[in-house]
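Remarks on the structure that follows.
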Amino acid sequence: MALLRKINHILLMMLVLIVCLLLHSKLFRGPSRPKLKRTETRKDPERAPKVPVEKAAEGEDDIPVVICAAEERMGGAMATINSIYSNTDASVFFYIVTLRDAIKLTRQYIEKTKLKGIKYKILEFNPMVLKGKVKPDSSRPDLLHPLNFVRFYLPLLDISHKRVIYLDDDVIVQGDIKDLYHTKLEKGHAAAFATDCDLPSTHEMVRSVGMQTTYMGFLDYRKQEVRDLGINPSDCSFNPGVFVADIGEWKKQKITKQLENWMQENLKKNIYSSAMAGGVATPPMLIVFHDKYTIIDPLWHVRHLGWSPDARYSETFLQGAHLLHWNGRFKPWDYPCVHLDLWEKWFIPDPTGKFSLVRPEGKI
């Protein structure tokens, strides 16, 4: 009996000792540092236009394509992606930039359709970056959508590649995207665009609809600030809806800061507006890149398909184009619009039913 009490006493002492050790460890251990989520940032929110939402493995050999996906135009962005993915054997990595309210739809559109095999990352764009830089304008509110300005902020996006292709969401790619990606940029050039005077086959279309192809159509030359630029008003303009960008050169030349400066200048002195051609996103690009960009093959940007509801190109010409762009008011997901067959072949119905096409027989 005495032996049993002694054993119990020893066991009790051991239990007390273990409890004391545990308490000591809890009380005197250094505090653990909280882990930051991918959506957290220590930067000024006005200088943080992006938040990585989806993380995928980017490869050095990938062809990186940046495309915006607004909720109300989601079907357009997915048609663009489908056309690129289907017309190349290269490995393409898609950086899909959207606003917070469209992240879920973007993910569902990809994961529940044939696009589930693509390599991609969803990036959330923070509209606060535009605070104090864009003036509300009721004449073309669609041109003031925050995603229209993503192209200004390419180096601030969560992108690991040194060179990227930027595409608008009203584009269809018929060629092999790697050919556009391998455009050789001239020394000191941060980007390559297609000039508006480059393709004789489009001149008749341009004349028939009164399209602007020079700087005169985008800048208000009555303003001294514009005249001081020394840009000839008859110089050919370019469309910034399709371009190849060298991210390192863009940073070196502080392109983003230059673009922001002109946005703020316009806010004060109205040197361009959405009532003029190109809205408010094109003129800053035209100013900053004037005579400082490489010209891409014109067949890689056959545009103006959305400028008129009835002016058409020849079908033979369009079949030989590498990229088609429905820039203008008449989009291929709406009606009326020309050359719908060339766009619809790449359209993927929205699995959630939120996005639908507008056709003469109604929404489909």
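Computed over heavy atoms, backbone and side chain alike; hydrogens, waters and symmetry mates excluded.
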In this structure, is the centre-to-centre distance between the rings of [Y] and [X] below 6.0 Å?
X	Y	answer
Y215	H290	yes
F149	F152	yes
W326	F330	no

Are any of the side-chain heavy atoms of [X] and [Y] separated by less than 4.5 Å?
X	Y	result
I118	I110	yes
Y153	E260	yes
R359	E344	yes
T282	N239	no
V134	L144	yes
L259	M285	yes

All N/O donor-acceptor pairs, side-chain side in residues 314-323, below 3.5 Å, sequence neighbours left out:
{"unit_1": "S314", "atom_1": "OG", "unit_2": "F317", "atom_2": "N", "d": "3.1"}
{"unit_1": "E315", "atom_1": "OE2", "unit_2": "R312", "atom_2": "NH2", "d": "3.3"}
{"unit_1": "E315", "atom_1": "OE2", "unit_2": "H339", "atom_2": "ND1", "d": "3.2"}

Is the backbone of [Y] close enough, under 3.5 Å, to the side chain of [X] for a donor and an acceptor to pair up by distance?
X	Y	answer
T88	I84	no
K292	V288	no
T213	D196	no
D176	D179	no
R303	H301	yes
T80	V171	yes
T98	A69	yes
S83	V173	yes
N82	W346	yes
K223	N270	yes

- Message: For F93 and Y95, take the angle between the two ring planes, folded into 0 to 90°, and tell me which bin it lands in: parallel under 30, tilted 30 to 60, perpendicular over 60.
- Response: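 Because their plane-to-plane angle lies in the 30° to 60° range, the rings of F93 and Y95 count as tilted.
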- Task: Could you label the plane-to-plane angle of the F238 and F289 rings as parallel, tilted or perpendicular, counting under 30° as parallel and over 60° as perpendicular?
- Result: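 Judged by the thresholds at 30° and 60°, the geometry between F238 and F289 is perpendicular.
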With no hydrogens and no angle check, just 3.5 Å: does a side-chain donor-acceptor pair link [X] and [Y]?
X	Y	value
D228	Q224	yes
H161	D62	no
D170	H325	yes

Answer yes or no: is there an ion pair linking [X] with [Y], defined by an N-O contact shorter than 4.0 Å?
X	Y	value
D334	R329	no
K121	D158	yes
E111	K116	no
R73	D169	yes

- Would you check, one step at a time, whether the test side-chain contact (heavy atoms from CB on, under 4.5 Å) holds for M74 with D350? CA-CA 8 Å; M74 190 66 66; D350 180 1; over 6 Å; no
